[in-house]
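Notes for the one structure printed next.
Note that the structure is predicted; figures quoted are calculated from it, not measured. As a basis for the values below, the full set of heavy atoms in this structure was taken, side chains included, without hydrogen atoms, waters or symmetry mates. Note that ligands are numbered from 1 as they come in the structure, with each ligand's atoms numbered from 1 the same way. Throughout, residue positions are numbered sequentially from 1 according to the sequence presented.
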Amino acid sequence: MQVGLGTSDVPPVKDDCFALPEGTHWTPVQEALDRLKGRLSTVVGVEKIPLDAASGRILALDQVALRANPPAANSAVDGYGLSNSGVAGLQEFQVLDGRAAAGAPYEGSVAAGQAVRILTGAVLPAGVDSVVMQEDVAFQGGAIKFNGPLKPRANTRRAGEDVDKGEVILRAGQRLTAPEIAILAATGTQDVPVFQQLRVGVLSTGDEIVAPGSTQIPSATYDANRPMLLSLAAAWGHVAVDLGHVEDDRNVLEAALDAAASQVDVVFTSGGASGGDEDHVGALLAEKGALQTWRIAIKPGRPLALALWKGVPVFGLPGNPVAAFVCALIFARPSLGVLSGAEWDVPLGFNVPAAFSKRKKPGRREFLRARLAEDGRVEAFASEGSGRISGLSWANGLIELSEDQTEINEGSPVRFLPFSGFGI
Ligand SMILES: Nc1nc2c(c(=O)[nH]1)N[C@H]1C(S)=C(S)[C@@H](COP(=O)(O)OP(=O)(O)OC[C@H]3O[C@@H](n4cnc5c(N)ncnc54)[C@H](O)[C@@H]3O)O[C@H]1N2
Ligand code: MOO
């Protein structure tokens, strides 16, 4: 028999460790994202680097074409260049000596009734406005014959038809990937102004955390978050800085954050965010780190600390690796983008039929490890436990269930966010 406490003093036992405790303000995911978006801005400087070293970097200034693409009208095919009369029926043209090739123009001019051999990419010689494809002609006795009419400017490319000189081709904030590199190169850019790379520090916390493989003691946990988060930061084009691991000691953590603040532009910590006896990260950030938000209506990942430490943004990610991963993708990725000079990026998502059924509590947003199958339906990982790291590599994306979704049946549309849309 219990004495001292009446049953009304004891909270009812909740089997669901994901139930949102009453009396706490749970910030909706969108509100947390809006806050981040509204408060963050670029923290890195600008440098000019050669285009061939710029892949993955963020453009710092709008770029204009330094030359038109193409710079001159040229042939789109191998064939014969001529002045097109547009007449229907059998046409005959005398073929001139010489030819026009890419990089080796034909210097003469082509009169009416004459044609010149021309290769793909060659500048159109004077007098040529159209090209007849070599497959469409009969060549006989120094002349070509073909069945007209030819369309006006057939098989030619107009000067500047892609972009004109001086036209804005890329905007500041765009990430330079293969397509952007191509247009910059084609229009003559040699050096490109980009933002300096953001330095992202990753710190693991927790007495139980040890280097992978370093011990066989069962109470030790191999550090999975730090390599995972370093890999994410690098995949997103930032400089990933390994800040190591600290034990559950507030002074040591404080010193580590101080050191980090002078070394990196943004810090990821993992673990110690939930408010347990040894959860120092949340407590320390609340006390000294201008903590902004730390309980978010999300599963997994609700204990997320967003703070500033000596002016440096700190993402206090949850310890459970799946929760740390999801929070990094959902909150940290677009934030790091803005800090590094890019636009706030909303991940690619589309609705696909569910290959599973599930009930869900209202009021929080849930992210499930998901795999889009070849039949176009999406499966969810069998377990939702946020320590089940194997589900991350099983998955090829996340399913995002909104706050008001409570029941998902097989075939119901669900939102699928492919990992590729998160840059991984
Ligand atoms: N009474 C409550 N307990 C917990 C709550 C709660 O609301 N009330 N929230 C749970 C949820 S949800 C999560 S997520 C975790 C997050 O807690 P912390 O951020 O404080 O993380 P820890 O307690 O330090 O660790 C949780 C778990 O993750 C393991 N871990 C930590 N760091 C790493 C690492 N670098 N690599 C691999 N695994 C790591 C750690 O050993 C723990 O097993 O709190 C719940 N509890
Ligand atoms: O939601 Mo916690 O964030 O389970 O992993």
| message | Quick test of your reading of the structure: of Thr269, Val281, Asp248, Ile209, whose heavy atom lies closest to atom 32 (N) of ligand 1? | response | Ile209
| Short N or O distance, Ser386 and ligand 2, threshold 3.5 Å exclusive | yes
| Between Asn320 and ligand 1, which part of the residue brings a heavy atom under 4.0 Å of the ligand: side chain, backbone, both or neither? | both
| note | In ligand 1, the atoms that come under 4.0 Å of a heavy atom of Tyr222 are 36 (N), 37 (C)
| message | Ring centres under 6.0 Å, that's the criterion: do Phe325 and Phe419 meet it? | response | yes
| field | Those atoms of ligand 1 less than 4.0 Å from some heavy atom in Asp223 | value | 34 (C), 35 (N), 36 (N)
| field | Salt-bridge present (Lys358, Glu410; N to O < 4.0 Å) | value | no
| Of all the atoms in ligand 1, which lie at a distance below 4.0 Å from a heavy atom belonging to Pro321? | 37 (C), 38 (N)
| said: I want to confirm something. Looking only at heavy atoms, which of Gly316, Ser219, Gly272 is nearest to atom 24 (O) of ligand 1? | reply: Gly272
| field | Numbering as shown, the atoms of ligand 1 that approach Pro318 to under 4.0 Å (heavy-atom distance) | value | 14 (S), 19 (O)
| Residue selection (non-hydrogen contact nearest atom 25 (O) of ligand 1) among Pro227, Gly319, Pro212 | Gly319
| said: Using a 4.0 Å cutoff against the non-hydrogen atoms of Ser204, which atoms of ligand 1 qualify? | reply: 35 (N)
| request: Report yes if some N/O of Ile298 lies less than 3.5 Å from some N/O of ligand 2; otherwise report no. | output: no
| query | Have Arg157 and Asn74 got a donor and an acceptor in their side chains that come within less than 3.5 Å? | reply | yes
| query | If you count the atoms of ligand 1 from 1 in the order shown, which ones are under 4.0 Å from a heavy atom of Ser270? | reply | 35 (N)
| field | Interfacing atoms of ligand 1 (cut-off 4.0 Å, heavy-atom, Gly271) | value | 19 (O), 21 (O), 24 (O)
| said: Could you walk me through whether His238 and Gln197 satisfy the side-chain contact (heavy atoms from CB on, under 4.5 Å) test, starting with their C-alpha distance in whole Å, then the side-chain angles of each, then the deciding distance to 0.1 Å, before giving a yes or no? | reply: CA-CA 6 Å; His238 311 300; Gln197 279 178 292; 5.9 Å; no
| message | Using a 4.0 Å heavy-atom cut-off, which part of His245 comes near ligand 1: side chain, backbone, both, or neither? | response | neither
| task | Take Thr27 and Arg35, measure what side-chain contact (heavy atoms from CB on, under 4.5 Å) needs, and give me the verdict at the end. | result | CA-CA 10 Å; Thr27 308; Arg35 277 196 219 176; 3.8 Å; yes
| message | For Arg226 and His245: C-alpha separation, side-chain torsions, deciding distance, then whether side-chain contact (heavy atoms from CB on, under 4.5 Å) applies. | response | CA-CA 8 Å; Arg226 190 152 43 107; His245 157 252; 4.0 Å; yes
| task | Mind checking whether Pro300 contacts ligand 1 via backbone (N, CA, C, O), side chain (CB onward), both or neither, at a 4.0 Å heavy-atom cut-off? | result | neither
| request: Please state which part of Ala324 comes within less than 4.0 Å of ligand 1, counting heavy atoms only: side chain, backbone, both or neither. | output: neither
Identify all side-chain donor-acceptor contacts of residues 174-185 below 3.5 Å with residues at least two apart in sequence or on another chain.
unit_1: Gln174; atom_1: OE1; unit_2: Arg171; atom_2: N; d: 2.7
unit_1: Arg175; atom_1: NH1; unit_2: Gly56; atom_2: O; d: 2.7
unit_1: Arg175; atom_1: NH1; unit_2: Trp236; atom_2: O; d: 3.3
unit_1: Arg175; atom_1: NH2; unit_2: Trp236; atom_2: O; d: 3.2
unit_1: Thr177; atom_1: OG1; unit_2: Glu180; atom_2: OE1; d: 2.5
unit_1: Glu180; atom_1: OE1; unit_2: Thr177; atom_2: N; d: 2.8

| message | Please tell me whether Thr187 and Asn69 have a donor and an acceptor in their side chains that are separated by less than 3.5 angstrom. | response | no
| Minimum-distance pair of heavy atoms, taken over all atoms of Phe381 and Arg388 | CE2-CB, 4.0 Å
| said: Given His280, Arg226, Glu208, identify the one with the heavy atom nearest to atom 41 (O) of ligand 1. | reply: Glu208
| query | Looking at Asn225, Asp223, Asn320, which hits side chain to side chain donor-acceptor pair (under 3.5 Å) with Ser270? | reply | Asn225
| task | Establish, yes or no, whether the cationic atom of Arg415 lies under 6.0 Å from the six-membered ring centre of Phe350 and within 45° of the ring axis. | result | no
| query | With backbone taken as N, CA, C and O and side chain as the heavy atoms from C-beta onward, which portion of Thr221 lies under 4.0 Å from ligand 1: side chain, backbone, both, or neither? | reply | side chain
